[in-house]
Structure formats: C-alpha cells, structure tokens
Amino acid sequence: MRCFPPPLWCTSLVVFLSVTGALAADPYVFFDWTVSYLSASPLGTRQQVIGINGQFPGPILNVTTNWNVVMNVKNNLDEPLLLTWNGIQHRKNSWQDGVLGTNCPIPSGWNWTYEFQVKDQIGSFFYFPSTNFQRASGGYGGIIVNNRAIIPVPFALPDGDVTLFISDWYTKSHKKLRKDVESKNGLRPPDGIVINGFGPFASNGSPFGTINVEPGRTYRFRVHNSGIATSLNFRIQNHNLLLVETEGSYTIQQNYTNMDIHVGQSFSFLVTMDQSGSNDYYIVASPRFATSIKASGVAVLRYSNSQGPASGPLPDPPIELDTFFSMNQARSLRLNLSSGAARPNPQGSFKYGQITVTDVYVIVNRPPEMIEGRLRATLNGISYLPPATPLKLAQQYNISGVYKLDFPKRPMNRHPRVDTSVINGTFKGFVEIIFQNSDTTVKSYHLDGYAFFVVGMDFGLWTENSRSTYNKGDAVARSTTQVFPGAWTAVLVSLDNAGMWNLRIDNLASWYLGQELYLSVVNPEIDIDSSENSVPKNSIYCGRLSPLQKDQAQRVNFSGSQRSIFVTSRGILLALFAILVSSLAR
Ligand SMILES: *[C@@H]1O[C@H](CO)[C@@H](O)[C@H](O)[C@H]1NC(C)=O
Ligand SMILES: *[C@@H]1O[C@H](CO)[C@@H](O)[C@H](O)[C@H]1NC(C)=O
Ligand SMILES: *[C@@H]1O[C@H](CO)[C@@H](O)[C@H](O)[C@H]1NC(C)=O
Ligand SMILES: *[C@@H]1O[C@H](CO)[C@@H](O)[C@H](O)[C@H]1NC(C)=O
Ligand SMILES: *[C@@H]1O[C@H](CO)[C@@H](O)[C@H](O)[C@H]1NC(C)=O
Ligand SMILES: *[C@@H]1O[C@H](CO)[C@@H](O)[C@H](O)[C@H]1NC(C)=O
Ligand SMILES: *[C@@H]1O[C@H](CO)[C@@H](O)[C@H](O)[C@H]1NC(C)=O
C-alpha cells in the first residue's frame with residue numbers, strides 16, 4: 001500500500017493488488033471524495049460553489065488504461081447528487097455512469113461507492129455533477145487516462161501537464177438558475193467567463209489564474225469547456241497550440257492559433273515556451289457567437305524569467321459570428337491513423353468507413369416551447385421525463401411501464417409531448433445518427449458509453465445526398481460534438497457496449513428542459529465477454545424499488561470535508577504547474 005502520486009489531493013490511497021490469477025493484472029485505485037459547498041468569489045462576488053475535498057475545481061482523477069477505480073463519494077450537499085464520468089465508457093457497466101437513467105441519486109448525507117474500470121481507453125475527460133443544474137456551481141474536475149507503459153504515446157513526453165477548465169459563470173446559485181430556466185425568462189447571459197474558477201486578469205488586484213512555466217519547455221494543456229451554455233474560443237498570446245488529442249483520439253498534430261471549444265468538449269495541446277518570456281502572456285477564453293457577453297476569461301502564462309505583467313491587447317479572436325470558420329476548423333480535426341491508443345494496434349485499423357450501417361436516426365432539436373402547460377424542449381418531438389425509477393433498474397427488475405422502447409427514428413409529424421421514450425438499440429449494430437439543430441444557438445450532443453466518429457457537418461438540412469461529404473477515413477472518435485444552429489452533424493457508432501446509455505444535449509438548460517434520451521443496448525445472447533455486469537451490491541434503490549432500500553446506518557454530515565494536504569517532493573513539481581492565486585499587483 002502506498003500513497004498515490006498527486007499529493008495535492010493525497011487523501012486518496014492506491015493499492016496495487018497483486019493477486020495471482022485471471023484478475024491479477026489490472027490494479028485497483030481507491031478514492032474518498034467529499035462533495036460539499038465552498039465559499040469562493042470567481043467573479044468578485046462571494047458565492048457558494050461546489051467543491052470536492054475542499055477543492056474547486058475538484059481533484060484530477062489520474063489513472064491508466066484498465067485500472068479499476070473504487071470511488072467513495074460522500075454527498076455533503078443539501079440535495080441529491082450524482083457524479084458522471086464524462087467520456088469514460090464503463091464497458092458493460094452502465095450501472096456506474098452516474099445519470100438518473102442508471103442510478104438513484106445519492107441522498108444528501110449519504111455516500112455511495114462507484115466501482116468501474118477505465119477499460120481500453122486513453123485521453124482527457126472530466127467529471128461533473130449530472131443532476132439539478134449543479135454543474136453551474138462547479139463540482140467538476142479533470143480525468144486523465146494515461147497510456148499503459150507498453151503503448152507508445154505519439155509525441156515526446158511533455159515537461160508538464162496542465163489542466164484548464166474554461167467556462168461561462170453565473171453569480172446566481174444553481175438553484176436560482178434552475179428556476180430561471182423553468183420560467184419563461186429562460187437562462188440569461190452569464191456574468192463572465194472563468195478559468196479554473198478564477199475571474200479574468202485585471203489590473204485591479206483581483207485574483208486570477210496563473211500557469212508557471214520554464215522557458216524552452218513543452219507542456220501538455222488539457223482544456224475542457226465545463227460551462228453550461230457558451231461555446232468558447234481558447235488561445236494563448238504569441239504561442240501555438242499543437243493539437244494532439246481530443247476526448248481519447250490522438251489527432252494528426254497541427255498548429256492552431258486558437259480553438260473553438262464547445263460545452264462539454266475536451267482537447268489536449270502541446271505548447272512550447274518558445275518566446276523570450278521577459279513578460280507574462282495572456283491565456284484567453286472568449287465567448288463565441290454571443291455578442292451579448294462582453295468579458296473574456298483571462299489567465300496568465302508566466303515564464304520563470306518573467307519581469308512583468310502581460311501587456312498589449314488580448315490576442316485577436318476569430319471573426320465573432322463566423323460559424324463557417326468554426327465549422328471548417330472542426331472539420332480539420334483528423335485521427336492519426338498510425339498511432340495506437342489504448343491497444344497495441346493503431347486506432348485507425350478499425351475501418352469504420354467500410355462498415356454497413358444497420359440503423360439510421362435523424363434527431364432534431366427545437367427551441368423550448370410550452371407543452372402541457374410547462375416550458376419544455378424536445379428531441380424528435382419528445383421531451384424526456386426522468387422517471388422516479390431509473391430505467392436500468394426497471395429493466396433489471398422487470399418493472400414494466402417505466403419507459404417505452406419507442407423513440408422514433410425520424411421526427412414525427414405530431415404534437416410535441418413529454419414522455420420517457422428510449423431507443424431500442426441493436427447490439428453490435430452500426431448506427432448512423434444525424435443531429436439536426438433547429439434552434440438558434442450551438443448545441444453539444446454527448447453520448448455516454450461510447451465514442452462516435454464525427455464524419456460530417458454542414459449547414460442546412462441533412463439529406464441522403466449529404467453522405468457523399470462524409471469523412472470515411474480519418475474522422476476523430478469522441479463523445480461530444482457540436483451542432484451549429486441551422487446545421488447538422490453526422491456520427492457513426494458501433495453499439496458494442498451493452499447497457500442503458502444517456503444521449504443528451506450538454507448545454508445545461510436544454511438538458512434540464514428535456515433534450516435527452518436513453519439508448520438501450522441489450523446483448524440477446526449469454527456471452528461472458530460482452531454481457532453486462534449485474535446490479536452492484538451497493539445499489540441505491542428508489543422510485544418503485546424503494547422497498548428494497550435499507551436505510552444507511554445513519555445520515556452522516558461529512559464535516560471538515562478533508563481539505564487537501566500539501567505534501568512535498570512530487571507535490572512541488574505539480575504545484576509549479578497548478579493554477580495559483582496571484583494577488584500581487586505587479
Ligand atoms: C499521473 O500519474 C502518473 C503516474 O501514474 C504520473 O506520472 C503523472 O505525472 C501524473 N499526472 C498528473 C497530471 O498528475
Ligand atoms: C453539514 O454541516 C455543514 C456545516 O455544519 C452545513 O453547512 C451543511 O449543510 C451540512 N450538510 C448536510 C448534508 O446536512
Ligand atoms: C459508504 O462508505 C463506507 C465506508 O466509509 C462503505 O463501507 C460503504 O460501503 C459506503 N456505502 C455505499 C453504499 O457505497
Ligand atoms: C502519428 O502517430 C505516429 C505514431 O505514433 C507519429 O510518429 C506521427 O508523428 C503522428 N503523425 C502526425 C502527423 O501527427
Ligand atoms: C508548430 O509550431 C511550432 C512553433 O510554435 C513549431 O516549432 C512546430 O514545428 C510547428 N509544428 C507543426 C506540426 O506545424
Ligand atoms: C426478469 O425476467 C427475466 C426473463 O424474463 C428473468 O430471467 C429474470 O430472472 C427476471 N429478473 C427478476 C429480478 O425478476
Ligand atoms: C427491441 O429490439 C429487439 C431486437 O434487437 C427485439 O427483439 C425487441 O422486440 C425490440 N423491443 C421492442 C419493444 O421493440
């Protein structure tokens with residue numbers, strides 16, 4: 001037993017079990033996380049944010065392909081909680097996905113232990129609270145899945161690893177925001193853009209994020225848009241962003257001066273400190289396609305030899321309303337076909353462009369509208385209603401009437417309605433999904449349990465002829481894709497992972513108003529390799545299954561929520577790259 005590396009959050013322990021036998025190889029890592037409110041002032045106004053073990057953003061879950069994660073999550077909030085591990089595929093194990101269709105929420109004052117394997121995947125992802133609009137108050141943190149030692153990474157080992165969360169931010173609490181969303185007023189524009197929970201660099205002495213670096217070195221920047229509504233453009237003054245990875249796909253390495261990052265998306269860039277470094281440089285996240293939001297998020301890149309603050313205007317954004325630029329940039333992302341990812345064989349050896357499509361879904365989202373007296377938003381005319389009993393549990397316990405396996409393959413010409421309608425997925429089918437955005441803002445679609453190939457996007461209405469424009473060779477596989485307003489995006493996905501999987505619009509107001517659904521994928525045969533895990537022993541029961549729930553010994557208030565302890569040695573190195581508060585007026 002030994003303490004796990006990142007000592008900034010050394011409240012976790014790692015045990016490398018070296019049991020002999022079939023299960024021996026993959027290590028187990030154990031974590032204890034307490035989720036609670038903290039007080040912080042991201043935009044100068046004191047407010048409640050959601051932190052984990054006293055940190056906001058939360059600790060980085062830093063693991064390696066095939067490790068087993070045992071994560072005891074204590075809910076110290078005053079409302080139910082579920083953490084979801086965005087981009088983690090939970091092979092055969094949707095029980096651990098942390099969304100309302102698979103899990104009963106963890107009641108306030110209870111703990112629940114997630115147990116999942118990060119099977120056959122690598123890359124940069126993040127976790128966040130999936131219900132009750134809580135992501136608007138934080139609760140998110142990075143997930144890094146490293147390559148196993150025997151699988152080479154397609155670039156030299158960087159000198160440091162920096163995780164950045166860029167996001168829109170509201171000074172209102174998530175509870176108030178959720179009321180706004182339910183009302184006719186809807187969600188207002190955010191109060192600002194934050195980077196790792198800090199407001200923008202300004203000369204007035206308010207705290208801002210600082211990344212400390214050494215001249216000449218190269219760092220891997222993992223950048224996540226953890227916001228709730230706003231697409232952001234990310235850039236660093238005078239520095240190139242060499243794109244290397246996005247949500248688990250190693251990409252063709254190309255330099256960009258800026259990158260549009262949409263809600264829920266994650267990117268890795270290598271950034272070389274090739275400037276003189278005599279002063280600091282701006283790190284900028286500015287709102288895209290949203291002229292109502294004036295302020296940008298600004299952090300600072302500080303070389304160790306820096307003599308003074310960043311100066312000059314912020315680096316230029318792309319032309320504000322140019323969605324063509326943004327779409328072309330998205331199309332320029334390519335999979336590196338010759339690099340292996342999680343397995344020794346190169347990832348491009350899966351020739352997705354030659355596989356016969358078994359099912360086609362066209363999914364259309366529309367702006368919110370009044371349905372049955374309430375403001376709701378639909379996908380193919382259906383606004384998802386989360387039942388009190390999670391779909392996955394209802395399926396397992398043969399409880400009928402909780403959901404219907406009747407989600408339409410195309411929009412139907414009928415009145416919009418509120419319903420619990422699920423896609424009956426074909427196990428091992430190869431599915432084409434076209435997302436058609438009939439709303440006025442960019443939407444991010446996300447699928448749990450899988451990575452999909454983003455093969456095409458264009459403006460206008462998708463037609464059968466649109467297929468001729470698909471990238472059938474080297475599209476990136478990811479779990480979150482943007483769909484521009486008045487445009488479509490097409491993805492291909494192989495349904496080889498049995499389970500009940502959430503498909504949603506990641507923009508929080510859309511999700512909250514019903515723009516989600518589930519995809520049920522059942523293996524009809526009993527087959528040890530691909531059959532699903534059975535219900536976890538510690539499952540929480542709710543809804544029609546509440547009688548099965550034993551009360552937790554007692555409700556606990558996990559007070560003193562384990563503030564992170566700073567430990568030396570490797571911690572020093574890590575701290576160098578961590579964002580630090582700098583209130584020194586320079
Ligand atoms: C993640 O853990 C690995 C060891 O497994 C370590 O080499 C690496 O520095 C850690 N990365 C971060 C960002 O903490
Ligand atoms: C736990 O205690 C803290 C402070 O005493 C309080 O703010 C918090 O609301 C409590 N949490 C629960 C779940 O009762
Ligand atoms: C809650 O945590 C305790 C240990 O602190 C653990 O034994 C128990 O299994 C956890 N409960 C659940 C439901 O995971
Ligand atoms: C693709 O991956 C290979 C193998 O790891 C690497 O050598 C090469 O530099 C990468 N190519 C590009 C264009 O990024
Ligand atoms: C990217 O830009 C850096 C300079 O910042 C340069 O050294 C490197 O060769 C460029 N790489 C590619 C693939 O264009
Ligand atoms: C549910 O039904 C299936 C087959 O219809 C059966 O094998 C299974 O045991 C049932 N499960 C429960 C919990 O009753
Ligand atoms: C779902 O699909 C399976 C085949 O994949 C089929 O056997 C079953 O009848 C379908 N269920 C419904 C309710 O359509």
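Read the numbers this way: they start at 1 and go in the same order the structure lists the ligands and their atoms. Given the structure is predicted, the values throughout are model-derived calculations rather than measurements.
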For atom 11 (N) of ligand 3, decide whether some protein heavy-atom distance is shorter than 4.0 Å.
yes
Mark up the atoms of ligand 4 that fall under 4.0 Å of a heavy atom belonging to Pro154, in ascending order.
2 (O), 5 (O)
Please identify which atoms of ligand 4 are closer than 4.0 Å to at least one heavy atom of Ser338.
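Listed by number with element, the hits are 1 (C), 2 (O), 3 (C), 4 (C).
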When the ring planes of [X] and [Y] are compared, do they come out parallel, tilted or perpendicular, using 30° and 60° as the limits?
| X | Y | result |
| --- | --- | --- |
| Trp33 | Trp85 | tilted |
| Phe30 | Tyr28 | parallel |
| Tyr250 | Phe155 | perpendicular |

Of the protein's non-hydrogen atoms, which lies at the shortest distance from atom 14 (O) of ligand 4, and what is that distance?
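Looking at atom 14 (O) of ligand 4, the protein heavy atom closest to it is Gln253 N, 2.9 Å.
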Protein heavy-atom partner closest to atom 2 (O) of ligand 3 - residue, atom, separation in Å
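Closest protein heavy atom to atom 2 (O) of ligand 3: Asn111 ND2, 2.2 Å.
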Distance-only donor-acceptor check, side chains Tyr127 and Tyr114, under 3.5 Å
no
SB check Asp26 Lys119 (cutoff 4.0 Å)
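Result for this pair is no, no salt bridge flagged.
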Check Glu532 with Arg91, please: is the shortest side-chain N to carboxylate O separation under 4.0 Å?
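Salt bridge flag = no for Glu532 with Arg91.
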Pairs of nitrogen or oxygen atoms closer than 3.5 Å, one from Asn62 and one from ligand 1: do any exist?
yes
Number the atoms of ligand 3 from 1 as they appear, then name those within less than 4.0 Å of a heavy atom of Thr113, with their elements.
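So the answer, numbered in order with elements, is 10 (C), 12 (C), 14 (O).
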Could you tell me whether some N/O pair between Asn538 and ligand 3 is separated by less than 3.5 angstrom?
yes
Check this for me - ligand 3, Asn72, N or O atoms closer than 3.5 angstrom, yes or no?
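Between Asn72 and ligand 3, an N or O pair is found under 3.5 Å apart.
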